[in-house]
There are 2 protein chains.
Amino acid sequence: MKVILIMAGRPKIFDEQSAVEKALEVFWDQCYHTASTEELLKAMGIGKGSFYLTFKGGKQELYQKSIRLFFEQQYQQMEVMLLQAENPITALKKLFRALARGTAKEQQRGCFLGNALVQLSEKETVVKNEVDRLLHQLQQLFALVVTKGQQQGIVNSGLDPELIAWQLLNLWNGIQVTRRMQRAPEVLQELIETNLEMIL
Amino acid sequence: MKVILIMAGRPKIFDEQSAVEKALEVFWDQCYHTASTEELLKAMGIGKGSFYLTFKGGKQELYQKSIRLFFEQQYQQMEVMLLQAENPITALKKLFRALARGTAKEQQRGCFLGNALVQLSEKETVVKNEVDRLLHQLQQLFALVVTKGQQQGIVNSGLDPELIAWQLLNLWNGIQVTRRMQRAPEVLQELIETNLEMIL
DNA sequence: CCTATTTTGTACTAATCGGTACAAAATTAA
DNA sequence: TTAATTTTGTACCGATTAGTACAAAATAGG
């Protein structure tokens with residue numbers, strides 16, 4: 001059943017989700033504090049009137065929504081990739097190996113969620129707590145994948161899946177920082193490879 | 001030979017280094033962009049006149065100097081601790097284990113150098129490059145310690161010391177992010193312990 | 001065409017930003 | 001005491017910040 005809502009009033013010139021997607025890019029390239037509303041509005045292609053009507057919470061609401069959108073999209077994609085693969089461990093390794101092959105820009109902007117954890121101050125504790133929750137959800141996904149892998153007998157390590165998942169998340173967080181150091185990509189590759197070898 | 005410099009003029013009411021130390025705390029609790037000059041000056045206990053006379057480069061110069069000071073002090077301390085220990089590997093492990101036992105505040109503020117890598121934007125590329133260099137120096141210290149350990153036959157892993165050092169630096173960077181997630185300290189402890197076991 | 005409703009664009013605001021100008025204060029040397 | 005020198009504190013600056021107020025515009029329904 002499709003619901004069509006017809007309302008009087010001047011029509012919106014923008015779609016909320018795609019506006020958030022545009023803002024997300026700005027927040028990611030810069031960070032929450034340095035991204036000015038002016039830049040955000042320009043990227044979204046809307047004026048202040050429209051913005052504050054839609055996002056009554058202002059910049060912070062926009063940021064929170066960009067975080068949620070990012071996670072929904074990214075997590076869903078990962079979940080499909082990891083859980084539908086015939087070999088979940090190979091898929092997991094592929095995910096980490098990709099971290100060494102990003103463009104210079106990608107290397108510099110790191111992980112959107114990890115950034116929030118490091119860049120937000122006490123004023124944004126609410127958002128920070130949500131990011132914490134989301135990253136924990138990612139850790140749980142890793143744990144599930146490892147459990148599946150162990151059941152299939154394709155995991156070398158016999159450690160607790162929960163612990164292995166924390167190691168993976170920590171490896172993830174570390175690489176997102178370390179790869180900001182401009183080094184030959186081989187260093188990063190070797191680093192990731194030996195870590196995966198040890199952990200899984 | 002002690003050199004005493006006598007100069008005419010109103011005497012300074014503050015010591016530059018201790019002023020930088022105070023500013024460093026503010027930069028660490030907040031971050032470069034959110035720490036306002038007003039707060040910094042208040043923490044340093046000096047006025048604008050004195051500040052801009054001493055730090056002609058303004059806020060950025062102060063930040064850069066706080067980074068250098070931090071590294072000098074921290075690195076020197078680490079170097080002594082690691083290279084003068086009878087068992088350098090044990091000393092190294094001690095360093096990492098301490099990361100799980102910090103106060104809530106320490107957990108939240110992470111590593112001053114790692115923060116810079118994640119928090120600075122393109123405008124501060126110069127500072128970022130210096131931070132990169134300093135962290136690389138830390139990696140080199142780790143490599144030296146590992147080499148010593150291997151010569152003493154107290155390192156399980158036979159991997160290249162350079163690579164092991166990168167793994168240690170990456171573990172360091174990861175923990176500084178992961179520990180911002182509010183979790184039971186046992187998770188962090190276990191994470192660190194098994195990682196050290198695997199790497200060294 | 002008229003009214004109700006919603007969105008849009010712009011003008012505006014109060015606060016804060018990093019930084020400068022400069023006179024007064026505090027010292028040394030003559 | 002006076003001159004030279006340096007530091008200090010304060011008043012001020014233009015720019016930028018996030019956010020508000022509000023009239024004009026654009027729609028639907030009657």
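Naming convention: chains lettered A, B, ... in sequence-line order (proteins, then strands); numbering from 1 in each chain. None of the values given here were measured: they were computed from a predicted structure.
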Using a cut-off of strictly less than 4.0 Å, decide whether A/S50 has a side-chain nitrogen or oxygen near OP1 or OP2 of C/dT8.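 Yes, within the criterion.
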Phosphate contact (D/dT20 OP1 or OP2) by A/Y52 side-chain N/O below 4.0 Å: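 No, outside the criterion.
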Given [options], the nucleotide with the shortest approach to the side chain of [X]:
{"X": "A/L53", "options": "C/dT20, C/dT8, C/dC17", "value": "C/dT8"}
{"X": "B/P11", "options": "D/dG19, C/dA26, D/dG9", "value": "C/dA26"}
{"X": "B/S36", "options": "C/dC17, C/dT8, D/dA11", "value": "C/dC17"}
{"X": "A/K59", "options": "C/dC17, D/dT8, D/dA18", "value": "D/dA18"}
{"X": "B/K12", "options": "C/dG18, D/dT8, C/dT27", "value": "D/dT8"}

A/C111 SG to A/L117 CG distance, which is reported to the nearest 0.5 Å: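 Going from SG on A/C111 over to CG on A/L117, the span is 9.0 Å.
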Using a distance-only criterion (donor-acceptor N/O pair, under 3.5 Å, no hydrogens), is the base of D/dG19 paired with the side chain of A/K48?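 Side chain to base: pair found, below 3.5 Å.
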Rounded distance (Å) that lies between atom [atom2] of [N] and atom [atom1] of [X]:
{"X": "A/Y63", "N": "D/dA18", "atom1": "OH", "atom2": "P", "value": "14 Å"}
{"X": "A/L41", "N": "D/dT16", "atom1": "CG", "atom2": "P", "value": "16 Å"}
{"X": "A/E39", "N": "D/dT17", "atom1": "CD", "atom2": "P", "value": "8 Å"}
{"X": "A/F51", "N": "C/dA11", "atom1": "CZ", "atom2": "C1'", "value": "19 Å"}
{"X": "A/K42", "N": "C/dG9", "atom1": "NZ", "atom2": "P", "value": "16 Å"}
{"X": "A/H33", "N": "D/dT16", "atom1": "NE2", "atom2": "C1'", "value": "16 Å"}
{"X": "B/E38", "N": "C/dG18", "atom1": "CD", "atom2": "C1'", "value": "11 Å"}
{"X": "A/I46", "N": "D/dG19", "atom1": "CD1", "atom2": "P", "value": "14 Å"}

Give the intermediate values and the outcome of salt bridge (charged side-chain N to carboxylate O under 4.0 Å, His left out) for residues A/K93 and A/E193. CA-CA 9 Å; A/K93 286 183 177 174; A/E193 211 54 56; over 6 Å; no
Testing A/E72, A/Q73, A/E79, A/M78 for side chain to side chain contact (heavy atoms under 4.5 Å, CB included) with A/Y75, which one passes?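 Only one of A/E72, A/Q73, A/E79, A/M78 forms a side chain to side chain contact (heavy atoms under 4.5 Å, CB included) with A/Y75, namely A/E79.
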Verdict with supporting geometry, B/E39 and B/Q30, side-chain hydrogen bond (donor to acceptor under 3.5 Å, both in side chains): CA-CA 10 Å; B/E39 270 175 301; B/Q30 326 234 347; 2.8 Å; yes
List the steps, then state whether ring pair (Phe, Tyr, Trp, His ring centres under 6.0 Å) holds for A/F142 with A/W166. CA-CA 8 Å; A/F142 286 162; A/W166 276 111; over 10 Å; no
Taking the nucleotide of DNA chain C with the closest heavy atom to each, which residue, B/T37 or B/R10, is nearer the 5' end?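 Nearer the 5' end of the strand: B/T37.
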Axial cation check for A/F14 ring with A/K12, 6.0 Å and 45° limits: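 Yes, a cation-pi geometry holds between A/K12 and A/F14.
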Using the closest heavy atom to pick a nucleotide of DNA chain D for each, name whichever of A/T34 or A/K56 lands nearer the 5' end.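 The residue whose closest nucleotide sits nearer the 5' end is A/T34.
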Which residues in residues 13-23 of chain B have a heavy atom closer than 4.0 Å to any atom of DNA chain C?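 Output list: empty, so none.
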Do the rings of B/Y32 and B/Y63 sit parallel, tilted or perpendicular, given the 30° and 60° boundaries?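 Judged by the thresholds at 30° and 60°, the geometry between B/Y32 and B/Y63 is tilted.
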Is A/L53 reachable from A/L41 through a run of hydrophobic residues whose side-chain heavy atoms are each under 4.5 Å from the next?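 Each belongs to a different hydrophobic cluster.
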